[in-house]
Each structure stands twice: as structure tokens, then as C-alpha cells.
Colleague: 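Mind looking over this structure? Questions follow.
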Amino acid sequence: MATRQETSKRQALLDGALACFLEHGVVETTMEHVLSRSGASVGSLYHHFGGKEGLADALYVECLGGYHTAAFARLDAAPDAETGVRAIVEHHLSWIVAHTDRAKFLLAYRDHEIRPASDELRSLNRVFYGQIERWITDRAHVELPPLPVVISQWLGPTHSFSRHWLSAQVRITPADARPFLSDSAWHALGPLFRPTTG
């Protein structure tokens with residue numbers, strides 16, 4: 001079991017790495033950058049992460065895990081399908097505002113050739129998408145398209161907008177975009193679900 005000091009050192013490395021990756025880019029960031037920013041030792045970095053790539057993978061998993069946990073909490077609390085579909089769009093938009101640095105890192109690292117493929121990441125995605133699929137299946141009244149197709153219809157436009165907003169290519173805010181993106185998601189997915197009875 002990790003001691004409080006070890007946990008603190010690990011988190012300092014993750015926080016330092018996030019700042020460095022955003023400042024220099026994932027590839028251009030050196031171990032010296034991270035060690036200087038975090039105040040940690042090279043031994044601590046290797047002990048916790050095995051090197052820069054392991055550190056980047058762990059940061060990716062931590063950021064994505066936080067996003068997933070909050071997203072499914074919103075979905076699980078939804079009283080009906082429409083509320084749930086809209087809640088995920090709204091969660092995504094509010095999350096990128098509240099965690100802009102983490103959102104930028106997820107976007108940058110996912111797009112890069114050293115994209116993570118750790119067992120922890122695969123497990124994280126398997127659990128999350130399994131939960132999403134069960135939630136949809138429990139409320140559907142038609143044969144469902146493959147899950148990636150459903151997710152693309154659900155969050156594709158929101159992801160696209162988010163990329164533009166995070167890279168400062170659009171002036172419209174996530175709050176302003178939310179009504180249209182939420183309506184679009186429900187318009188696309190609504191026919192899959194059983195009608196809500198009054």
C-alpha cells in the first residue's frame with residue numbers, strides 16, 4: 001500500500017508532467033523538464049512510472065478516468081433516456097471548461113503517434129463503454145447499431161466543437177453551444193429509445 005508521501009510524490013509528477021506537456025508538447029518535454037517542475041527525483045519518476053512514456057500514459061488514464069466517472073454519474077442519475085443523452089453532452093462541455101488543461105492534454109496525446117495502449121487504459125475503456133452499452137440497451141426499443149456508431153452520433157459533433165474551442169478556433173462558448181449540441185444528440189438518438197410514458 002502506497003504511503004501518503006509516495007502518493008504525494010506521484011501526484012506531483014503527474015501535475016508537473018501536465019504543465020510541461022502543455023507548455024512544450026508531449027514529445028518535446030524532457031525528463032529534466034518534468035523533474036524541475038515537480039521537484040521530484042529521477043528515481044521517483046522511474047519508481048512510479050518507469051519513464052516519460054509511462055508517466056504520460058498514467059496521466060492520460062487519470063484524466064480520462066475522472067471524465068468517465070463523472071460522466072457515468074450523470075448518466076446513472078438521469079430519470080429517462082432523453083435526460084441521459086442530453087446529460088452526457090452537457091457533461092462533456094462543462095468538463096472541458098472546468099478541466100481545460102486536462103482536456104487539452106487528452107486531445108494532444110490521443111492525436112499523437114505515441115498514443116497510450118496500456119492494459120489500464122483498455123480496462124478503463126472496456127468498463128466505461130460496457131456501462132454505456134448496458135444503459136442504452138436497457139432503454140432501447142429497436143435493434144441498435146454498433147456502439148461506436150451510436151457514440152459517434154451522440155458525441156461526434158460535441159467532440160468536434162470541443163477541439164475547435166480548446167484550440168481557440170471558435171469564439172462561441174461551450175455554454176452557448178450546449179443547447180444546439182444537446183438538441184442534435186437527442187434528435188439523432190431519440191428514435192432508438194422507448195417513448196417516455198407520462
Side-chain angles (χ1 to χ4, degrees), residues 1-76 88 91-135 147-148 151-152 154-156 158-160 162-168 174:
M1 189 174 187
T3 66
R4 182 176 298 178
Q5 185 178 23
E6 288 175 332
T7 301
S8 177
K9 287 180 179 179
R10 185 180 188 278
Q11 191 60 52
L13 282 161
L14 290 168
D15 293 343
L18 176 60
C20 291
F21 291 153
L22 292 177
E23 182 177 345
H24 304 290
V26 176
V27 175
E28 292 78 9
T29 292
T30 65
M31 288 177 53
E32 288 71 24
H33 286 139
V34 175
L35 296 176
S36 176
R37 183 67 65 96
S38 66
S41 68
V42 66
S44 183
L45 190 153
Y46 275 107
H47 169 71
H48 289 290
F49 305 106
K52 190 186 84 170
E53 287 74 18
L55 174 58
D57 283 355
L59 179 60
Y60 189 95
V61 167
E62 181 185 76
C63 294
L64 191 62
Y67 173 92
H68 281 180
T69 298
F72 199 75
R74 292 281 304 271
L75 194 61
D76 199 39
I88 291 299
H91 161 71
H92 183 94
L93 295 171
S94 62
W95 193 88
I96 66 169
V97 172
H99 305 280
T100 300
D101 285 351
R102 289 173 172 248
K104 286 181 177 179
F105 169 72
L106 287 177
L107 179 63
Y109 199 48
R110 182 178 59 193
D111 285 349
H112 200 271
E113 62 184 13
I114 57 172
R115 178 178 177 171
S118 66
D119 290 341
E120 191 175 4
L121 177 61
R122 283 192 288 268
S123 176
L124 182 71
N125 281 329
R126 190 182 315 114
V127 169
F128 179 70
Y129 288 110
Q131 291 173 317
I132 292 288
E133 188 166 29
R134 283 191 295 275
W135 186 88
L147 184 62
I151 297 295
S152 294
W154 194 343
L155 279 175
T158 302
H159 277 300
S160 180
S162 299
R163 292 169 69 95
H164 291 303
W165 183 76
L166 288 167
S167 60

Colleague: What closest approach, in Å, do L147 and E133 show between heavy atoms, and which atom pair accounts for it?
Modeller: CD2-CB, 4.1 Å
Colleague: Do the ring planes of H92 and H159 sit parallel (below 30°), tilted (30 to 60°) or perpendicular (above 60°)?
Modeller: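 Geometry flag for H159 against H92: perpendicular rings.
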Colleague: Please confirm whether the backbone N or O of H164 pairs with a side-chain atom of S167, one donor and one acceptor, at under 3.5 Å?
Modeller: yes
Colleague: Provide the closest heavy-atom pair for S162 versus I96 in the form atom of the first, atom of the second, distance.
Modeller: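 Result for this residue pair: OG-CD1, 3.6 Å.
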Colleague: Using atom types as modelled and distance alone, determine if a side-chain donor or acceptor of S44 lies under 3.5 Å from a backbone N or O of S41.
Modeller: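 Not at all, since once roles are kept as given, no pair shorter than 3.5 Å links the two residues.
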Colleague: Is the shortest side-chain heavy-atom distance between D57 and F49 below 4.5 Å?
Modeller: no
Colleague: Quick one: does any side-chain atom of T29 pair with a main-chain N or O of G25 as donor and acceptor, under 3.5 Å?
Modeller: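 Such a contact is found between T29 side chain and G25 backbone.
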Colleague: Looking at L155, T158, L93, which one forms a side chain to side chain contact (heavy atoms under 4.5 Å, CB included) with I88?
Modeller: L155
Colleague: Side chains of W154 and I132, heavy atoms from C-beta outward: is any pair under 4.5 Å?
Modeller: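 Yes. Closest side-chain heavy atoms under 4.5 Å.
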Colleague: Within the 4.5 Å heavy-atom criterion, are V97 and W165 side-chain neighbours or not?
Modeller: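 Contact flag for V97/W165 side chains = yes.
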Colleague: Over all heavy atoms of both residues, which pair between M31 and V42 is shortest? Give the atoms and the distance, please.
Modeller: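 Looking at all heavy atoms of both residues, the shortest contact is CE-CG2, 3.7 Å.
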Colleague: For a 4.5 angstrom cut-off between non-hydrogen side-chain atoms, does L55 reach L59?
Modeller: no
Colleague: Would you please classify the geometry between the W95 ring and the Y67 ring as parallel, tilted or perpendicular, with 30° and 60° separating the classes?
Modeller: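 Perpendicular: the ring planes of Y67 and W95 meet at over 60°.
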Colleague: Counting only heavy atoms not in E120, do more than 12 fall under 6.0 Å of its CD?
Modeller: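 No, not enclosed.
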Colleague: Which atom pair, heavy atoms only, marks the closest approach of F105 to A56?
Modeller: CZ-O, 3.7 Å
Colleague: On a heavy-atom basis, which atom in L106 and which in L64 lie closest, and how many Å separate them?
Modeller: CD2-N, 4.0 Å
Colleague: Give the intermediate values and the outcome of salt bridge (charged side-chain N to carboxylate O under 4.0 Å, His left out) for residues D101 and K104.
Modeller: CA-CA 5 Å; D101 285 351; K104 286 181 177 179; 5.2 Å; no
Colleague: Side-chain contact test, heavy atoms from C-beta onward, threshold under 4.5 Å: evaluate it for F72 versus L75 and give yes or no.
Modeller: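 In contact.
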Colleague: What's the spacing between R37 CZ and E23 CD if we round to 0.5 Å?
Modeller: 5.0 Å
Colleague: If we only count heavy atoms from C-beta on, is the H68 to N125 side-chain gap below 4.5 Å?
Modeller: yes
Colleague: With distance as the sole test, does S123 use its side chain to make a donor-acceptor pair with the main-chain N or O of D119 at under 3.5 Å?
Modeller: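 No; zero donor-acceptor contacts below 3.5 Å.
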Colleague: Within the 4.5 Å heavy-atom criterion, are D15 and S38 side-chain neighbours or not?
Modeller: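 They are not in side-chain contact.
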Colleague: Would you confirm whether S36, through its side chain, and H33, through its main-chain N or O, come within 3.5 Å as a donor-acceptor pair?
Modeller: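 Flag not set: sc S36 to bb H33 has no pair under 3.5 Å.
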Colleague: Is the shortest heavy-atom distance from the side chain of E62 to the side chain of R102 under 4.5 Å?
Modeller: yes
Colleague: Tell me whether S152 contacts the main-chain N or O of P148 through its side chain, where contact means a donor paired with an acceptor under 3.5 Å.
Modeller: yes
